[in-house]
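None of these values were measured; they are calculated from a predicted model. Below, chain A is the first sequence line, B the second, and so on; all start at residue 1.
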Amino acid sequence: MKKTGLKWSNLYLILVFAILYIPIFYLIYYSFNEGGTMNSFTGFTWDHYKEVFSDTRLLVIVLDTLLVALLSSLIATFIGTMGALGIYYTKKRPMRNALLSVNNVLMVSPDVIIGASFLVFFTFLGIGLGFGSVLMSHVAFSIPIVVLMVLPKLKEMNDSMISAAHDLGANNWQVLSRVILPTILPGILAGYFMAFTYSLDDFAVTFFVTGNGFSTLSVEIYSRARQGVSLSINALSALMFVFALTLVIGYYFIMQHNINKKKKQRKLAEIEAVKMR
Amino acid sequence: MPNQSIITFKDVVKEYDDQPILNHVDFEIEKGKFYTLLGPSGCGKTTILRLIAGFTDATSGEIYLDGKKVNDIPANKRKVNTVFQDYALFPHMNVFDNVAFGLSIKKMAQQKIVEKVKEVLKMVQLSGYENREISEMSGGQRQRVAIARALANEPEVLLLDEPLSALDLKLRTEMQYELRALQRRLGITFIFVTHDQEEALAMSDEIFVINKGHIVQSGTPVDIYDEPINRFVADFIGESNIVKGNMMDDYRVKFVGKEFECVDAGMRENEAVEIVLRPEDLEITAVEKGKLKVKVDTQLFRGVHYEIVCSDTDQNEWVIHSTKKAKIGAEVGLYFNPEDIHVMRFNETEEEFDARLEAYEEE
């Protein structure tokens, strides 16, 4: 009985993952199709990939997208970390909760509304649409993410550690740079990666605030897909999928490395404890 | 101000959200002694420590460190260092970097730092542990790292905030001896906060007993144990039998309906007082030899001694510590010497208490 139950649950799991991944693999499969459509597979070819790499406009857009993601997440990480520190050190509880709520509202409000309001805001201020406007809006929607990733690490932090640092002669700046920041570094890194991925695959906000020929990958793919199906888009999607997969695997190995290190430390401590007895 | 005192509190008041934590506290702490702030949790003892360290500001009053007023000097500019209850070590640094933290802040030369860290680690018997991560150290070892880190800065005063409370009994006793020896060797002032009366009695030169934001009594462990000023101190430090009585005359006191010879004096005639008799001073004898007649109610074996609870005909409870067994239900006599009786007046302040003691001791 128990075994069959287990099998059913496995089957369910396989089904769910199949539904999630089949469209992606279908897309990738046809990126190698010799024929121009996704109706039938006529033969294997690298042509669509060659097309992607010879399309300089597309390559520029890929670079721009990466640049926006890198820059916006970097700036957002800086501002967000300072913001988290500010919220953490706000002494009055109602004030702190209000700040946190304002932060969270930005997290849950729909991208379309954020994008539209940024468009109104930029045109009102007379700021030209393009790289600058996209960067600013990406920074803006990334900050709350960073705050949410950093704040729990601050709450985990032992406050008497701060007192101890002061006690040993450190001034406020030294306490921040030598004790607080190293302690919350995992949260900051997590915030940076989250902001990076959010920026990389954002469509709605970018769609509103881009202009003057500046475009990011998601907006470009959207507009090309509307004009008609070209399998070079499949090739591009496949490349992005592989890129994302590499990031995830890389992240997994870093985590695994840390866990192993911790396990090793615990084992050493246990050996030490046994020796002490 | 005498030269010897390194810390002085003058009429210090501390309030949190209009709740008074410390009520007009005055005291002086002398150089090179081991002080203990002893009191129940929430009595304000840790607040005194935090005021000395500079983690909080006094609401009013003056605090002097080495003759200088320090009310407006931040914690990082004061020549005191703290060992925290939870050790507060930096988990992202190894043992060496933890101990060297204060020195590297001071921009000491690397060679000197290495020497100093080696020296203090040797003091706390952790030589060779420099490259360990904090997560690899046991509780007792972390405790030692915390002490080494505080000592590396060569403070004039070391503040210890219940540093032994997280250790098991055996390790705690060991650390008591070590801390005491360390203080003697270094010759600096230690201020130790604890709620454990045994710890306080075992380690201190001077004890401040604190309750509800007041220093109730200060003195050597022997003074405080033998001459508690009031019921709170008598009860908090050691176990006590406390009964109501009346002072008939100098050196004559009446309680449980009988008059006894005692060694206290300087009170009004027939003044209502409280009598303390320590359980270990009471001796069980035959009924006819005893000064009091009691019945044995219960008996507990405590290892070192039996704890025997008796009651007299007035329903007063008498706790006796004896190495000899008693028989439950038996009528026995209790014997004690005149100097075992300690008389406490109601609402006597420490100054009045000391003055009275001096007055009749001079006679």
So for atom [atom1], which belongs to [X], do other residues, nucleotides or ligands contribute more than 12 heavy atoms lying within a distance under 6.0 Å?
X	atom1	value
B:Lys106	NZ	yes
A:Phe121	CZ	no
A:Phe78	CZ	no
A:Met95	CE	no
A:Tyr198	OH	no
A:Tyr252	OH	no
A:Tyr12	OH	no
A:Phe193	CZ	no

Please classify the contact between [X] and chain A as side chain, backbone, both or neither, with a heavy-atom cut-off of under 4.5 Å.
X	value
B:Phe55	side chain
B:Leu89	backbone
B:Asn153	side chain

Item to complete: Check whether any side-chain heavy atom of B:Ile105 lies under 4.5 Å from a side-chain heavy atom of A:Leu168, and answer yes or no.
Response: no
Practice prompt. Taking the side chain as every heavy atom from C-beta outward, state whether A:Met161 and B:Pro91 have any pair of such atoms under 4.5 Å apart.
Written response: yes
Worksheet item: Where do A:Ala170 and B:Phe101 come nearest, in terms of heavy atoms and distance?
Response: CB-CE2, 4.0 Å
Discussion item. Within this structure, what is the CZ-OG distance for the pair B:Arg50 and A:Ser163, rounded to the nearest 0.5 Å?
Written reply: 5.0 Å
Discussion item. How long is the straight-line distance from OH of B:Tyr87 back to CG of A:Asn158, given to the nearest 0.5 Å?
Written reply: 12.5 Å
Discussion item. Under a plain distance cut-off of 3.5 Å, with no hydrogens placed, do A:Asp167 and B:Asn76 share a side-chain donor-acceptor pair?
Written reply: no
Fill in: Side-chain donor/acceptor of B:His92 to backbone N/O of A:Arg178, under 3.5 Å
yes
Worksheet item: Is chain B contacted by the side chain of A:Asn171, its backbone, both, or neither, given a heavy-atom distance below 4.5 Å?
Response: both
